[in-house]
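The structure appears right after this line, and notes come after that.
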Amino acid sequence: MRRFLPLLLLTLLCTCDRAEKSQGIREPDNQEFGESESREELPNVLFILTDDQGYGDLSMMGNDSIETPHMDALLQSGAFFDRFYVSPVCAPTRASFLSGLYAPRTGAVFVTRRRETMDDGILTLPEYLRHAGYRTGLFGKWHNGATFPYHPGGQGFEEFLGFTLGHFNDYFEGELVNERDEVVPFSGDLTEILTDTASHFMQQESSQPFFCMLTYQAPHTPVQVSNKHWDRVSQRGLTPYNTGIYAMIESIDEQIGRLLEELEQAGKLENTLIVFATDNGPNGDRYRAGLKGTKGQVDEGGVRVPFGIRFPGNHPANGRKISTPAAHIDLVPTLLELVDLPVPEELDGQSLLPLLLPEHPDTFNQERFIYAFKQGYDFTPYPGSMRDQNFLYVLRGPNEHELYQLDKDPGQRTDIMQTKQDWLKGLRSRGRDMAEAYATFAATVARPDLVAPPIDLDAAPGPIRLLAHEGEPRGKTHFMDKYGWANDFFVDLGSEGAYWPVETDEARSYRVKVRYHLEGNRARTLVLRTDKGNEVSVALPPARTTLIPVADRVKRKEVYPRRWAEVEVAGLSVSPGSRELSIASPGGEGLWVKEITLE
C-alpha cells in the first residue's frame with residue numbers, strides 16, 4: 001500500500017526547515033571552488049545504494065533464481081560498469097562513496113564501536129553539492145557516525161530519516177531518527193517507508209536541484225520480508241536463508257520500480273541522473289556468477305558489485321556496457337565534474353566522464369590500480385588486494401602473495417605465484433612487482449589518529465544518545481555478542497562498568513535517561529561519573545525486559561530487540577576538558593544497559 005505514516009510525514013514537514021537554520025556546513029574555499037553552472041541546467045541526482053547485495057544478485061547476471069526486472073532495466077538503460085569495486089564491508093564503502101578517498105584515510109576502518117566513523121574534517125559529496133546549489137537528503141542507512149558532528153545532519157544532509165547503525169533490528173517496527181537525531185517511531189515496511197520518504201523529498205517544489213541518497217537496509221539481515229515476496233520466492237527450491245535474501249531483494253526491486261514511476265509522473269525523472277550500486281559482496285554463499293569470495297573478503301566476489309549511471313534523456317552513455325575497472329572512490333570526482341566544480345587533487349578517485357562522453361578528452365588513467373582492504377578493528381594491510389585491467393594481486397597474510405590473471409581466470413582458480421611452469425616466470429615477476437606496489441600504497445592510507453573519535457558533547461543540536469556499542473566495557477562487563485555489533489548492549493555491568501570517550505569545552509548539567517534490564521528482586525545503584533570527578537547515582541528497580549516479537553524468517557545472528565525499562569536522574573555535571581563518561585554498579589551479575597541519553 002502506497003502511504004506515508006502520518007507521524008513520519010509530520011516529522012519531515014516540521015524538521016526540514018529547522019535543519020537549514022541549525023546545521024552548519026563546511027564550505028569548500030570559495031577561491032578554490034568557483035560557481036557551477038546555473039541551477040536550471042544542473043541535473044537532479046538520485047543515488048540508490050543497497051546493502052549486502054552481491055554481483056550475482058540480479059537476474060541480468062544469469063541468476064535464474066531471482067527476478068529483478070526494475071534493477072535490470074535501470075542498469076541496462078544507463079552506463080553499466082561491469083567491473084566496479086567497493087570495500088569488503090559496508091561502512092568503509094559508504095565512506096569512500098561519500099569522500100572520494102579510500103576508507104582508511106577517513107577513519108572508517110570497521111563496522112562498529114565508533115570505528116565506522118568518518119572524520120568530520122573530510123568534505124562529503126552532499127557538502128560539495130550544497131555548494132553547487134543542491135538541496136540534500138539521505139533516507140535509510142548511514143553507518144558513518146552515530147553522534148554529531150559525524151551524524152548525517154552534520155555531514156551535509158539537510159534532511160535525513162533513517163538510522164546511523166550498521167543494521168536496523170526490525171524491518172516492521174522501531175525508532176528511526178531525523179537530521180537532528182530526534183526519534184521518529186515507525187510501524188510498517190521499512191523498505192517501503194524509505195522509498196516513500198525519498199519520493200516525498202524529491203517531489204517537493206523547489207528552485208534547487210536535489211541530491212537524494214536512498215540507502216536501503218535490505219537485503220542485510222535480519223531476514224524479514226512480507227508474505228507476498230516470501231511466498232513467491234519460496235517456490236524456487238532455495239534454502240530458507242537464500243529464499244529470504246532473494247525475497248528482500250525483490251522487495252527492493254518492486255519499490256525502485258514504483259519510485260521511478262512516481263518520479264516520471266511528477267515530471268522529475270526527465271532531469272534526474274540515477275546512480276545505482278551495492279556496498280559489498282553477498283552476505284552468504286549463493287550465486288556469484290563464478291566469482292570467488294563473499295562479503296568481508298578481498299577477492300572479486302567480495303568487492304565487485306553492480307554499478308550503473310543513467311543520464312537524463314538520450315545521453316550517448318546510456319545503454320553502454322563499460323569493462324574498464326572503476327570504483328567507489330570515483331563517484332565524487334565524477335559528480336563534481338558533472339556539475340562543473342573543480343575536483344580536488346588529493347582525492348583517490350578520478351572522474352568517469354572520459355569513459356562516458358565521446359566528446360570528452362581521453363584523460364582517464366587506464367593503467368591505475370584499484371585497491372581493497374579487509375577492514376577490521378584495527379587497520380592492517382592484509383588481507384588486501386589490488387587489480388588493474390588484467391591482473392589481481394592478493395596479500396592474503398604476511399608473506400602470503402597470490403596473483404591471478406582475471407582476463408583469463410575471472411574465478412581465481414589458478415594462483416600464478418604458486419605454479420611452477422617456466423612459461424609463467426615472467427608473470428610471477430609481475431606478481432612481485434605488484435606486491436611491492438601494494439605495500440608502498442598501503443603504507444600511505446592508514447590514519448589511526450582518525451579512528452574511533454571521542455563523542456563530542458558540544459556538537460549535538462539536542463539530546464545525545466550514548467549507545468552501548470559506541471562505548472567500551474571494563475572488567476567482567478561484556479557485550480551480549482563478542483564483538484559488540486550494532487544494537488548490542490552491556491551485559492553484567494559491575495563495579496568496573498563501562499565508559500564512553502567524550503570531549504567537551506563547556507560545562508553542562510544533564511538529565512540522564514537510562515535504558516536497562518535488571519534481574520532479581522532487589523534494586524541496584526547505578527553510578528554515572530566523569531574522569532573530572534563529577535558523579536550522580538540513581539536507583540534501578542528490578543526490571544526483567546521482554547523480547548519484542550519479530551518476523552524473522554530464519555534464526556538471526558544479531559541480538560534481538562527488547563522492551564527496555566527506563567529511569568531518569570537529573571544533575572549529572574560535566575566539566576570542561578572531560579574525557580570520559582562512565583557507568584558502574586556494584587552488585588554482581590544481572591544488570592544490562594542498552595544506552596543512556598543526555599538531555
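One-based numbering along the sequence shown.
When only modelled atom types and interatomic distance are considered, S87 and H328 share a side-chain donor-acceptor pair under 3.5 Å. Neither side chain, N365 nor Q350, offers a donor N or O lying under 3.5 Å from an acceptor on the other. For the 3.5 Å distance criterion, the side chains of E67 and Y246 fail to qualify, holding no donor opposite an acceptor. The closest side-chain donor-acceptor pair between Q366 and Q389 falls under 3.5 angstrom. Inspection of the R556 and N169 side chains reveals an N or O donor paired with an N or O acceptor under 3.5 Å.
Between T50 and F276, the closest heavy-atom pair is CG2-CE1, 4.0 Å. V298 and F373 get closest at one heavy-atom pair: CG1-C, 4.1 Å. Of all heavy-atom pairs spanning S385 and V394, the tightest one is CB-CG2, 4.1 Å. G54 and R286 get closest at one heavy-atom pair: N-NH2, 4.4 Å. What you find for P473 and F490 is that their closest heavy atoms are N-CE2, 3.8 Å. The shortest non-hydrogen separation linking N63 to D57 is ND2-CA, 4.4 Å.
If you look at F139 and F160, their ring centroids are not closer than 6.0 Å.
Formation of a donor-acceptor pair under 3.5 Å by the N487 side chain with backbone atoms of H167 is found in this model. With R83 contributing its side chain and P325 its backbone, the two residues share no donor-acceptor pair below 3.5 Å. A donor-acceptor pair under 3.5 Å links the side-chain atoms of T197 to the main chain of I193, judged by distance alone. Panel note: side chain T68, backbone L58; no donor-acceptor pair is recorded below 3.5 Å. In this structure a side-chain-to-backbone donor-acceptor pair under 3.5 Å is present from E127 to T124. Side-chain atoms of Y377 do not come within 3.5 Å of backbone N or O of Y483 as any donor-acceptor pair. Judged by distance alone, with hydrogens and angles left aside, the side-chain atoms of D279 form no donor-acceptor pair with the main-chain N or O of V89 at under 3.5 Å. Counting only distance, with no hydrogens or angles, the side chain of H143 and the backbone of V111 share a donor-acceptor pair below 3.5 Å. With hydrogens and angles ignored, the 3.5 Å screen pairs no side-chain donor or acceptor of Y150 with any backbone N or O of R114. Checking side-chain atoms of N144 against main-chain N and O of M118 turns up no donor-acceptor pair under 3.5 Å.
The number of heavy atoms from other shown groups lying within 6.0 Å of OH (Y382) does not exceed 12. Annotation for Q421: atom CD counts as buried by contact number, over 12 foreign heavy atoms lying within 6.0 Å.
Between Y371 and Y102, the ring planes are perpendicular. Angles over 60° get that label, and only those under 30° would be called parallel. Ring geometry, F157 versus F211: the interplanar angle falls under 30°, so the pair is classed parallel (tilted spans 30 to 60°).
A salt bridge is absent between K141 and E116: the closest approach of a Lys/Arg side-chain nitrogen to an acidic carboxylate oxygen does not fall below 4.0 angstrom. Look at D488 and K482 and you find no salt bridge, because none of the NZ, NE, NH1 or NH2 atoms lies under 4.0 Å from a carboxylate O. R304 and D82 are joined by a salt bridge, as a carboxylate oxygen and a charged side-chain nitrogen come within less than 4.0 angstrom of each other. The existence of a salt bridge linking R430 and D388 is confirmed by a sub-4.0 Å separation between a basic side-chain nitrogen and an acidic carboxylate oxygen. Looking at D378 and R115, a side-chain N of the basic residue comes within less than 4.0 Å of a carboxylate O on the acidic one, giving a salt bridge. A salt bridge is defined here as a Lys NZ or Arg NE, NH1 or NH2 lying under 4.0 Å from an Asp or Glu carboxylate O, and D51 with K295 fails to meet this definition. With respect to the salt-bridge test (charged N to carboxylate O, under 4.0 angstrom), the residues R368 and D348 do not qualify.
With values rounded to the nearest 0.5 angstrom, L98 atom CG is found 10.5 Å from I122 atom CD1. Taken to the nearest 0.5 Å, the CG atom of D170 stands 11.5 Å off from the OH atom of Y560. The CD atom of E254 sits 3.5 Å away from the NZ atom of K228 when rounded to the nearest 0.5 Å. Distance check, rounded to the nearest 0.5 Å: CD1 of I252 to CD of Q217 gives 9.5 Å. Considering CE of M213 and CG of L125, their distance stands at 8.0 Å, rounded to 0.5 Å. We find the CG-OG1 distance between L194 and T215 to be 7.0 Å, quoted to the nearest 0.5 Å.
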List the atom pairs, donor and acceptor, that lie under 3.5 Å between side-chain atoms in residues 438-445 and the rest of the protein, sequence neighbours left out.
{"from": "Y438", "atom 1": "OH", "to": "P381", "atom 2": "O", "distance (Å)": "2.4"}
{"from": "T440", "atom 1": "OG1", "to": "E436", "atom 2": "O", "distance (Å)": "3.0"}
{"from": "T444", "atom 1": "OG1", "to": "F441", "atom 2": "O", "distance (Å)": "2.6"}

Side chain to side chain donor-acceptor pair (under 3.5 Å) evaluation trace for R236 with S65: CA-CA 7 Å; R236 301 173 192 167; S65 295; over 6 Å; no
Worked verdict on V45 versus L273 for side chain to side chain contact (heavy atoms under 4.5 Å, CB included): CA-CA 5 Å; V45 179; L273 179 143; 4.2 Å; yes
Intermediate values then yes/no, side chain to side chain donor-acceptor pair (under 3.5 Å), T334 and D330: CA-CA 6 Å; T334 300; D330 299 329; over 6 Å; no
Check against side chain to side chain donor-acceptor pair (under 3.5 Å), T93 and N280: CA-CA 7 Å; T93 288; N280 47 244; 5.4 Å; no
Chi angles and distances behind the side chain to side chain contact (heavy atoms under 4.5 Å, CB included) call for T324, F364: CA-CA 10 Å; T324 302; F364 194 83; 3.7 Å; yes
Derivation and outcome, side chain to side chain donor-acceptor pair (under 3.5 Å), residues H220 and N283: CA-CA 7 Å; H220 194 295; N283 54 346; 5.6 Å; no
Side chain to side chain contact (heavy atoms under 4.5 Å, CB included) between T419 and R428, worked out: CA-CA 9 Å; T419 58; R428 288 194 292 273; 3.8 Å; yes
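Annotation: side chain of L260 is in contact with side chain of I274 (closest heavy-atom distance under 4.5 Å). No side-chain heavy atom of E300 sits less than 4.5 Å from a side-chain heavy atom of K292. Annotation: side chain of L259 is in contact with side chain of L214 (closest heavy-atom distance under 4.5 Å). Counting heavy atoms from C-beta outward, I249 and I245 have side chains that approach closer than 4.5 Å. Between T414 and Y404, the closest side-chain pair of non-hydrogen atoms is not below 4.5 Å. Taking 4.5 Å as the limit, some side-chain heavy atom of P69 sits within range of a side-chain heavy atom of D253. Using a 4.5 Å heavy-atom cutoff, the side chains of Y216 and Q53 are not in contact. Side-chain contact between L123 and Y128 is present, with at least one heavy-atom pair separated by less than 4.5 Å.
Among pairs with a residue in residues 45-70, those fulfilling ring pair (Phe, Tyr, Trp, His ring centres under 6.0 Å) read F47-F97, at least two apart in sequence or across chains.
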